[in-house]
Number of protein chains: 2
Amino acid sequence: MMSKTSKELLEQFRIQCKARGLSITPQRTAIYEALIGSEDHPRTEDIYNRVKAAFPDMSIDTVYRTLCLFAEIGFVRLVEGYGEAKRYDPDMECHHHFRCMRCGRILDFKEPRFDALEVPQQFKQTCAVSSIKVVLEGVCEQCLQKSVEP
Amino acid sequence: MMSKTSKELLEQFRIQCKARGLSITPQRTAIYEALIGSEDHPRTEDIYNRVKAAFPDMSIDTVYRTLCLFAEIGFVRLVEGYGEAKRYDPDMECHHHFRCMRCGRILDFKEPRFDALEVPQQFKQTCAVSSIKVVLEGVCEQCLQKSVEP
DNA sequence: TTACTATATAAGAATGATTCTTGTTCAGCA
DNA sequence: TGCTGAACAAGAATCATTCTTATATAGTAA
């Protein structure tokens, strides 16, 4: 999924932190590593659980703060959702989402035709548009099967 | 914004309720009316506040339950968001959203070119896709101005 | 109209996600 | 190597939402 190796990403992470005057702490590094190893659009608590093995007494508040910070400075993206817990996406390249409205699963997909969409004139002139993406809503394969079986 | 009059919508609301065996209570009617009069993608609490004038002792739990029910049966849509409180959209016609990542404002827009997007083959075959829409993220006009002024 | 019953509601407790507060620790620099 | 502001841990507090329970009422059947 990632086009850069995790080594390259980590190096970039360090450079970006320094450039912004942010301390490179073991916690932040661990959280960043957990993120780039995730393909499931994890919630804060998921990252917390993955990091806890190495940092048994990390506070979940640190994970909340750090993910929020990472989203602000562009290390990850906050995923569009429907009012449940926030989820993050480490893939910063242009891509799109299918969201299962039953189980919450998010599937990434690439679609060159969608990447080429142009921002409508009305927003181009007045707003700063940073992203344009397509969101599919529906029911995923697994959930469809479940509703047939039982 | 609405293509149907609120009278037509209310009539449709009653018919749909009956068809589904749902009681037509004053609370539900008031919540529905508040919804179709809203163009700001209100949160549950917003609707609660708007309805409270007429129903001083309505429970906010009723608003939560009712909005959830309305979304399930297709009277309104749950709007894609970023982990804050759920927001609802009474416009059931195909349209798209611009979301200000600073103030949370959501702007509706119509764009025929976006309405014609086709669901990628991979999802067509395996999932039930109920909606395909374009989401713009960025900073709105008002917020851009604010960041210049002070 | 009236009585009945399942559904809907109000009130408040409970839960889950997130943020805040406070005192402590540590990364990065002098 | 010591200093200082930034970062952290712990737990309290807050906000959104759901659950529980007892009561009220919409729709129906008599």
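Every chain is numbered from 1 and lettered A, B, ... according to where its sequence line falls, protein lines coming before strand lines.
- For the segment residues 15-23 of chain B, residues with any heavy atom less than 4.0 angstrom from an atom of DNA chain C are, sorted by number, B:L22, B:S23.
- A 4.5 Å side-chain heavy-atom check between A:R77 and A:M92 finds at least one atom pair inside the cut-off.
- Residues A:I47 and A:L35 are in side-chain contact: their nearest non-hydrogen atoms beyond the backbone lie under 4.5 Å apart.
- Taking five base pairs at each end of the helix from C:dT1-D:dA30 to C:dA30-D:dT1, the local helix axes there meet at an angle of 30°, rounded to 10°.
- Listed by chain and number, the residues in a ring pair (Phe, Tyr, Trp, His ring centres under 6.0 Å) with A:F98 are B:F123 (sequence neighbours excluded).
- The outermost nucleotides of DNA chain D lying under 4.0 Å from heavy atoms of chain B, listed 5' to 3', are D:dA16 to D:dG27.
- A heavy atom lying under 4.0 Å from DNA chain D marks the following residues of residues 73-87 of chain B, by number: B:A85, B:K86.
- For the pair B:E11/B:E8, no side-chain contact is recorded, criterion being any heavy-atom separation below 4.5 Å from C-beta on.
- B:N49 places no side-chain N or O within 3.5 Å of a backbone atom of B:D46 that could act as its donor or acceptor partner.
- Hydrophobic clustering places A:Y32 together with A:M58 (ILVMFWY residues linked when any side-chain heavy atoms are closer than 4.5 Å, directly or through intermediates).
- When DNA chain C is scanned in the 5' to 3' direction for atoms under 4.0 Å from non-hydrogen atoms of chain A, the outermost contacting nucleotides are C:dA17 to C:dG28.
- A:V139 forms part of a hydrophobic cluster together with A:L144, judged by ILVMFWY side-chain heavy-atom separations under 4.5 Å.
- A side-chain donor-acceptor contact under 3.5 Å links B:H96 to the backbone of B:V134.
- Cluster annotation: A:L136 is not connected to A:I106 through the hydrophobic network of ILVMFWY side chains, with a link wherever side-chain heavy atoms come within less than 4.5 Å.
- The ring pair (Phe, Tyr, Trp, His ring centres under 6.0 Å) test applied to A:Y88 returns no partner, not counting sequence neighbours.
- The stretch residues 50-59 of chain B participates, sequence neighbours left out, in these salt bridge (Lys or Arg N to Asp or Glu O under 4.0 Å) pairs: B:D40-B:R50.
- No chain of hydrophobic side-chain contacts below 4.5 Å, direct or via other Ile, Leu, Val, Met, Phe, Trp or Tyr residues, connects B:V119 to A:M101.
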Distance-only donor-acceptor hits, side chain of residues 13-27 of chain B, under 3.5 Å, sequence neighbours excluded:
{"residue": "B:Q16", "atom": "OE1", "partner": "B:R20", "partner atom": "NE", "Å": "3.3"}
{"residue": "B:T25", "atom": "OG1", "partner": "B:R28", "partner atom": "N", "Å": "3.1"}

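- Residues A:F70 and A:V79 do not share a hydrophobic cluster, clusters being chains of Ile/Leu/Val/Met/Phe/Trp/Tyr side chains in contact below 4.5 Å.
- At a threshold of 4.5 Å between non-hydrogen side-chain atoms, the residues A:R99 and A:Y82 count as touching.
- Using a 4.0 Å cut-off on heavy atoms, the residues of residues 56-70 of chain B that approach DNA chain D are B:D61, B:Y64, listed by number.
- B:F114 and A:V135 are not part of a single hydrophobic cluster, where members link through side-chain heavy atoms under 4.5 Å apart.
- Residues satisfying the ring pair (Phe, Tyr, Trp, His ring centres under 6.0 Å) criterion with A:H97, sequence neighbours excluded, are A:H41, A:H95.
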